[in-house]
Amino acid sequence: MPSKFKINDPLDPQMLHQFLIKRRSVSESDTEEVNQLMNAIAAEIVMNARFICAVKFSSEPQKQKDGTYLLDDNAQISFLLLENEQFGKIFPIFTDESELKKCDAFSDYYTVIADFDGISGMIADGNACAGMMINPFDDNMFISRNVVSKWREKKQILQTGRASHVITDKTPLDIHAPNPYPMQLSNKLCEIAKTIPEVNALWLRGVTLNGDEGYMLVIEAPRAERFFDSFGSASKDFIGNKSLHVIPSDGELGKRATQNVVPIYSKE
């Protein structure tokens, strides 16, 4: 049965738009103001901003009297990409209607509005493009897939205390003993484990991923994923600016991380 879908909704200028306008007028030689503005822009992109994306559908949406569109349940959505000489394929996103109108690279397209969470998921979890570019016909601000992934991870850690999606069995990383050892973090994790009868054991390892140092928590429990958020939330005050990656013990990565390593917690 067709479902309603918001297409071609307008998007008025936001705070990010004002930051970008100000950035255009700041001299590159004024490094302090440039850095302050870029920090504000990055925070706004990740936490608050919404963007217009150009899309196509595998079947034509039917506009309704209330302004919404009916879209067939089997219809597929394709986000349109641009080809950039320097970066290759990029995901173009626009801060408002005026920026979108500067783009004549697409024909017969619709638009949808998305936030950083939705856009970063498509970019970081695939290899269709090199990254996203904000207002490609004006600000031309390119953010690489690697940076998008790091921003996404940091946001997850800020909100939940842990990073999901980042580590898989095939992820290139280095697992080692954490140095210095995070005793407060370890004690907190053990404290939480004692309140969850299903948890049989915990291992706390150090991990280097894409040049960044973090921690890996391995949980032995039936369907360990149920407890990821509990341990992540409890860890927020003890990991500083590092990442905490939580994985189950029964996968290949969990077995690799715990081989010949004494757990920090074992149920009596």
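Here the structure is a predicted model, which is why all the values come from computation and not from measurement.
Considering only heavy atoms from C-beta on, Cys190 comes within 4.5 Å of Ile264 through its side chain. Contact check for Met216 versus Leu253: side-chain heavy atoms found under the 4.5 Å cut-off. No side-chain heavy atom of Trp203 sits under 4.5 Å from any side-chain heavy atom of Ile219. The closest side-chain heavy-atom distance from Pro136 to Leu82 is below 4.5 Å. Using a 4.5 Å heavy-atom cutoff, the side chains of Lys267 and Glu220 are not in contact. Side-chain atoms of Lys188 and Phe231, non-hydrogen and from C-beta on, never get closer than 4.5 Å to each other. The closest side-chain heavy-atom distance from Leu16 to Phe51 is below 4.5 Å. For the pair His245/Leu217, no side-chain contact is recorded, criterion being any heavy-atom separation below 4.5 Å from C-beta on.
Annotation: salt bridge (Lys or Arg N to Asp or Glu O under 4.0 Å) contacts of Glu28 (sequence neighbours excluded): Arg23. Residues forming a ring-ring contact (aromatic ring centres under 6.0 Å, His included) with Phe227 (at least two apart in sequence, or on another chain): none. Under the salt bridge (Lys or Arg N to Asp or Glu O under 4.0 Å) criterion, Arg223 pairs with no residue, sequence neighbours left out.
Asn200 contributes atom CG, which lies 8.0 Å from atom OG of Ser266 (distance to the nearest 0.5 angstrom). Taking OH of Tyr109 as the reference point, atom CZ of Phe57 lies at 13.5 Å (rounded to 0.5 Å). Atom CD of Gln64 and atom CD of Gln62 lie 7.5 Å apart (nearest 0.5 Å). The distance from atom CG of Leu80 to atom OH of Tyr110, rounded to the nearest 0.5 Å, is 12.5 Å. Rounded to the nearest 0.5 Å, atoms CG (Asp250) and OG1 (Thr258) are 10.0 Å apart. With values rounded to the nearest 0.5 angstrom, Tyr265 atom OH is found 11.5 Å from Ile192 atom CD1.
Between Ser58 and Gln76, the shortest heavy-atom distance links the atoms OG-N, 2.7 Å. Nearest heavy atom pair, residue Leu244 against residue Ser235, reads CD2-OG, 3.3 Å. The minimum heavy-atom distance linking Leu81 with Cys129 is given by the pair CD1-CB, 4.3 Å.
Asp96 contributes a side-chain N or O that, together with a main-chain N or O of Ser98, makes up a donor-acceptor pair within less than 3.5 Å. Proximity of a side-chain donor or acceptor of Ser233 to a complementary backbone N or O of Asp229 within less than 3.5 Å is detected. Here the side chain of Asp9 pairs no donor or acceptor atom with the backbone of Ile113 at under 3.5 angstrom. The main-chain N or O of Val147 is found under 3.5 Å from a side-chain atom of Ser144 such that the two form a donor-acceptor pair. Proximity of a side-chain donor or acceptor of Arg50 to a complementary backbone N or O of Asp115 within less than 3.5 Å is not detected. When atom types are taken as modelled, the side chain of Arg205 and the backbone of Pro178 share no donor-acceptor pair closer than 3.5 angstrom.
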Please lay out, stage by stage, how Met133 and Ile143 fare under the test side chain to side chain contact (heavy atoms under 4.5 Å, CB included). CA-CA 6 Å; Met133 186 172 284; Ile143 304 169; over 6 Å; no
CA sep, side-chain torsions, deciding dist, call: Ser120, Trp151, side chain to side chain contact (heavy atoms under 4.5 Å, CB included): CA-CA 9 Å; Ser120 65; Trp151 285 2; over 6 Å; no
Show, in sequence, the C-alpha distance, side-chain angles and deciding distance for Arg152 and Asp117, and conclude whether the salt bridge (charged side-chain N to carboxylate O under 4.0 Å, His left out) test is met. CA-CA 7 Å; Arg152 181 189 183 199; Asp117 291 348; over 6 Å; no
Check the pair Thr111 / Ile7 against side chain to side chain contact (heavy atoms under 4.5 Å, CB included), numbers first and verdict last. CA-CA 6 Å; Thr111 64; Ile7 302 173; 5.5 Å; no
Check against side chain to side chain donor-acceptor pair (under 3.5 Å), Ser243 and Tyr215: CA-CA 6 Å; Ser243 307; Tyr215 302 112; over 6 Å; no
Residue pair Ile239, Leu185: steps toward the side chain to side chain contact (heavy atoms under 4.5 Å, CB included) verdict: CA-CA 7 Å; Ile239 60 177; Leu185 173 61; 3.9 Å; yes
Could you go through residues 32-47 and list every donor-acceptor pair under 3.5 Å that involves a side-chain atom there, pairing it with any protein atom two or more places apart or in another chain?
{"from": "Asn35", "atom 1": "ND2", "to": "Thr31", "atom 2": "O", "distance (Å)": "3.2"}
{"from": "Asn39", "atom 1": "ND2", "to": "Asn35", "atom 2": "O", "distance (Å)": "3.2"}
{"from": "Glu44", "atom 1": "OE1", "to": "Asn48", "atom 2": "ND2", "distance (Å)": "3.2"}

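Residues Met15 and Ile21 do not share a hydrophobic cluster, defined by chaining ILVMFWY side chains whose heavy atoms lie under 4.5 Å apart. In terms of hydrophobic clustering, with Ile, Leu, Val, Met, Phe, Trp and Tyr side chains grouped at heavy-atom distances under 4.5 Å, Leu202 and Val262 are assigned to different clusters.
Screening residues 78-89 for side chain to side chain donor-acceptor pair (under 3.5 Å), with sequence neighbours left out, gives no hits. Sorted by first and then second residue, the pairs that involve residues 70-95 and meet ring-ring contact (aromatic ring centres under 6.0 Å, His included), not counting sequence neighbours, are Phe79-Phe91, Phe87-Phe142.
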